[in-house]
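Notes for the one structure printed next.
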Protein chains: 2
Amino acid sequence: MASERPARGIRERNRRELTAEILASARRHLAEHGSADLSLRAITRDLGMASSAIYRYFASRDDLLTALIIEAYNDLGQMVEDADERVANRQDLAARWLAICRALRDWALANPHQWALIYGTPIQNYSAPEDTIGAATRATGRMMSLLIEASTDGASDRTVRNEVGLRSEVGLLSPMLYETVWGAAPNLREEQVVEGVGAWAQVIGLVTLELFGHLNNVIADRDGSFTQLVVGMGDRLGVRAPSNSYVAVEE
Amino acid sequence: MASERPARGIRERNRRELTAEILASARRHLAEHGSADLSLRAITRDLGMASSAIYRYFASRDDLLTALIIEAYNDLGQMVEDADERVANRQDLAARWLAICRALRDWALANPHQWALIYGTPIQNYSAPEDTIGAATRATGRMMSLLIEASTDGASDRTVRNEVGLRSEVGLLSPMLYETVWGAAPNLREEQVVEGVGAWAQVIGLVTLELFGHLNNVIADRDGSFTQLVVGMGDRLGVRAPSNSYVAVEE
DNA sequence: CTATATCGAGAGCGGTGCTCTCCTTTAGTC
DNA sequence: GACTAAAGGAGAGCACCGCTCTCGATATAG
């Protein structure tokens with residue numbers, strides 16, 4: 001079980017440990033004061049090192065923030081995945097949908113500054129590096145794949161969309177998303193996927209509005225309203241509990 | 001037409017003018033570099049004054065930002081109201097709904113940093129002063145009152161909500177919203193209002209996600225997707241074009 | 001053992017928000 | 001019209017920030 005090298009030197013070990021300590025301190029500062037007030041000097045003071053020394057570990061403040069962003073994405077993703085998998089009856093898409101959405105909101109309420117870091121105003125001069133996108137898509141991916149699964153199942157009993165004359169030829173979605181979706185569900189209609197993105201946007205929007213104070217004199221019971229909306233959303237998108245069969249769910 | 005006092009002294013006139021110039025410069029800096037990089041010293045440099053002099057006009061950086069926030073709210077509100085009123089057929093709620101939503105998004109795309117200022121991460125130590133709430137509710141108010149109008153009209157042909165067992169006794173909404181809504185439409189069901197808030201959250205969510213880059217590898221035709229979702233939303237909430245009567249709309 | 005890469009510490013640069021003091025200019029009053 | 005009081009501009013200065021550079025200590029590799 002010994003890692004790559006047992007002790008490749010105290011330098012390498014120290015480096016890993018110090019990097020972790022810096023991140024831990026940064027996480028603490030972020031949770032307490034938000035990303036705007038996150039100061040490298042404060043972190044080095046915390047750790048009792050010279051202010052310049054931190055640049056041996058993170059090239060810039062943005063680099064540190066990027067690390068925190070990836071952490072946040074992964075943390076949220078893990079939370080959502082766990083919540084989903086905790087639903088015993090895998091066929092109960094409605095329960096899974098609700099669990100996922102509630103996990104998202106709960107995490108946001110518990111970690112408001114990290115939520116702001118990933119879904120709030122982007123930090124300047126920051127263009128998501130490659131490392132981010134893997135982590136970034138974890139939570140969203142869960143939601144979307146569940147919605148896709150639902151759309152495939154009960155595609156027949158979905159009410160027909162508006163006939164207002166919207167274009168229906170392929171082109172709304174990005175090429176990348178086409179590949180992903182078409183791979184999983186070849187005969188899914190494009191509009192269904194767009195509706196899924198809409199549901200995702202609504203959940204993110206609700207949580208963001210709540211967290212940023214825009215629901216303050218609007219909604220009293222946030223828990224109840226959120227649940228109502230999420231359930232309604234799932235309902236519309238065909239996210240259903242295992243239809244009539246109450247028993248016959250073997251394997 | 002001469003204002004309150006023709007020239008109550010050059011002091012008062014200068015004060016108004018300089019305040020306006022400061023705000024103009026701040027607006028310029030905000031539009032170019034975003035709120036995080038908005039520097040009081042840069043503004044004073046712009047205006048050729050001492051860095052300390054600005055504090056005669058704005059007590060702090062947060063104060064200046066608050067002024068910009070109110071400006072942004074009002075600007076957005078004006079845009080939305082204008083767009084709504086430009087729809088000739090006032091009975092065509094669908095057209096008005098789409099116009100409002102598109103105006104919101106267009107304004108956001110044209111003024112991304114101002115959008116971030118009001119719907120992005122809130123600035124620290126900032127608790128919306130009284131002056132804000134009037135401006136803040138302009139755009140949102142338009143959307144909500146239109147949705148309420150629609151819900152009252154076609155309340156009968158709305159599909160019944162889920163029967164999952166959500167509470168229905170009064171309590172989801174804030175007392176303030178109850179007063180507002182119940183005054184305008186006494187027999188509106190609470191769940192309808194919550195659905196309206198949900199629609200609002202979806203629109204805000206869509207625009208925010210788009211602006212903050214979260215739709216980058218997801219949706220190609222943002223215009224088309226946005227329109228589809230908004231139209232679908234209105235459809236569900238009973239926002240309809242003037243039903244069958246194509247002519248008989250007198251008065 | 002030695003050459004080399006790593007890394008901590010300190011000084012320093014230009015920037016920030018904000019305060020305090022000094023001094024000029026304007027406003028309102030006998 | 002002189003006089004007091006308020007308003008406002010200018011400058012120095014404080015404590016902070018991100019970041020760079022240099023120097024000396026230390027660990028690693030040959």
Side-chain angles (χ1 to χ4, degrees), chain A residues 3-23 25-26 28-30 32-69 117 122-126, chain B residues 3-23 25-26 28-30 32-69 117 122-126:
Chain A
S3 56
E4 300 255 20
R5 294 283 193 88
R8 216 304 211 8
I10 51 180
R11 276 229 161 116
E12 196 159 318
R13 204 202 54 189
N14 279 356
R15 175 159 255 282
R16 261 203 299 271
E17 281 182 5
L18 234 184
T19 307
E21 278 185 59
I22 291 172
L23 273 172
S25 174
R28 224 162 36 235
H29 279 91
L30 173 67
E32 280 175 27
H33 313 296
S35 68
D37 286 7
L38 196 155
S39 141
L40 297 190
R41 293 182 112 110
I43 294 173
T44 57
R45 251 178 272 127
D46 241 38
L47 272 54
M49 64 201 292
S51 70
S52 58
I54 199 175
Y55 291 93
R56 302 280 184 196
Y57 300 87
F58 292 92
S60 70
R61 186 173 177 277
D62 278 11
D63 257 42
L64 217 198
L65 281 176
T66 302
L68 289 176
I69 289 177
L117 201 56
I123 60 178
Q124 280 71 13
N125 317 324
Y126 170 84
Chain B
S3 56
E4 300 255 18
R5 294 283 194 86
R8 210 323 206 357
I10 50 180
R11 277 235 161 111
E12 197 159 317
R13 204 202 52 190
N14 279 356
R15 175 159 255 281
R16 262 204 297 270
E17 282 182 3
L18 235 184
T19 308
E21 278 186 59
I22 291 173
L23 273 172
S25 174
R28 222 161 39 237
H29 278 92
L30 173 66
E32 281 175 26
H33 312 296
S35 67
D37 285 8
L38 197 154
S39 141
L40 297 189
R41 294 182 110 111
I43 294 174
T44 58
R45 251 177 273 127
D46 241 37
L47 272 54
M49 64 200 293
S51 71
S52 56
I54 200 176
Y55 290 94
R56 303 281 184 195
Y57 300 87
F58 293 93
S60 70
R61 186 173 177 277
D62 278 9
D63 257 42
L64 217 199
L65 281 176
T66 301
L68 289 177
I69 289 177
L117 202 56
I123 59 178
Q124 280 70 13
N125 317 325
Y126 170 84

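Every chain is numbered from 1, with letters handed out A, B, ... down the list of sequences.
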**OP:** Would you classify Leu38(A) as touching base, sugar-phosphate or nothing, given that sugar-phosphate means primed atoms plus P, OP1 and OP2, and contacts are heavy atoms under 4.0 Å?
**Re:**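 It contacts sugar-phosphate atoms only.
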**OP:** Please determine which of Leu30(A), Thr44(A), Leu47(A) meets the side chain to side chain contact (heavy atoms under 4.5 Å, CB included) test together with Ser25(A).
**Re:**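 The residue from Leu30(A), Thr44(A), Leu47(A) that satisfies side chain to side chain contact (heavy atoms under 4.5 Å, CB included) with Ser25(A) turns out to be Leu47(A).
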In whole Å, what is the span from the [atom1] atom of [X] to the [atom2] atom of [N]?
X: Glu12(A); N: dC7(C); atom1: CD; atom2: C1'; result: 14 Å
X: Asp37(A); N: dC17(D); atom1: CG; atom2: P; result: 10 Å
X: Glu17(A); N: dG8(C); atom1: CD; atom2: P; result: 12 Å
X: Ile123(A); N: dC17(D); atom1: CD1; atom2: C1'; result: 16 Å
X: Leu65(B); N: dT16(C); atom1: CG; atom2: P; result: 15 Å
X: Ile10(B); N: dG8(D); atom1: CD1; atom2: P; result: 11 Å
X: Ile54(A); N: dC21(D); atom1: CD1; atom2: C1'; result: 18 Å
X: His33(A); N: dC17(D); atom1: NE2; atom2: P; result: 11 Å

**OP:** Output all residues satisfying salt bridge (charged side-chain N to carboxylate O under 4.0 Å, His left out) with Glu17(B), sequence neighbours left out; order by chain, then residue number.
**Re:**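 Only Arg13(B) meet the salt bridge (charged side-chain N to carboxylate O under 4.0 Å, His left out) criterion with Glu17(B).
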**OP:** Sequence neighbours left out, what passes salt bridge (charged side-chain N to carboxylate O under 4.0 Å, His left out) with Asp46(A)? Give chain and number order.
**Re:**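 Testing Asp46(A) for salt bridge (charged side-chain N to carboxylate O under 4.0 Å, His left out), a comparison that skips the adjacent residues, returns Arg28(A).
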[X] side chain, from C-beta outward: closest of [options]:
X: Ser52(B); options: dA12(D), dG17(C), dT26(C); result: dA12(D)
X: Leu18(A); options: dC19(D), dG8(C), dT26(C); result: dG8(C)
X: Leu40(B); options: dC7(C), dG17(C), dA12(D); result: dG17(C)
X: Arg56(B); options: dT21(C), dT16(C), dC7(C); result: dT21(C)
X: Arg41(A); options: dG18(D), dA9(C), dA5(C); result: dG18(D)

A side-chain contact here means heavy atoms from C-beta on lying under 4.5 Å apart; do [X] and [Y] qualify?
X: Phe58(B); Y: Thr66(B); result: no
X: Arg56(B); Y: Leu18(B); result: no
X: Arg61(B); Y: Ile123(B); result: no

Establish, with yes or no, whether the OP1 or OP2 oxygen of [N] is under 4.0 angstrom from a side-chain nitrogen or oxygen of [X].
X: Arg61(A); N: dG18(D); answer: yes
X: Arg15(A); N: dC7(C); answer: yes
X: Tyr57(B); N: dA7(D); answer: no
X: Arg45(A); N: dC17(D); answer: yes
X: Tyr55(B); N: dC20(C); answer: no

Subject >> Approximate separation, where rounding is to 0.5 Å, of Ser35(A) OG and Leu64(A) CG >> reply: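 If we round to the nearest 0.5 Å, Ser35(A):OG and Leu64(A):CG are 11.5 Å apart.
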**OP:** By nearest nucleotide on DNA chain D, pick out whichever of Ala59(A) and Ser39(A) is the more 5' one.
**Re:**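 Residue closer to the 5' terminus by nearest nucleotide: Ser39(A).
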Original post:
Where do Glu12(A) and Arg16(A) land on the side chain to side chain contact (heavy atoms under 4.5 Å, CB included) test, with the steps shown first?
Top reply: CA-CA 6 Å; Glu12(A) 196 159 318; Arg16(A) 261 203 299 271; 4.0 Å; yes
**OP:** Check if the side chain of Arg11(A) and the base of dT28(D) share a donor-acceptor pair of N or O atoms closer than 3.5 Å.
**Re:**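 When only heavy-atom distances are counted, Arg11(A) does not reach the base of dT28(D) through any donor-acceptor pair under 3.5 Å.
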Original post:
Taking five pairs at each end, how big is the angle between the two axes of the helix from dC1(C)-dG30(D) to dC30(C)-dG1(D), to 10°?
Top reply: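 The angle, to the nearest 10 degrees, is 0°.
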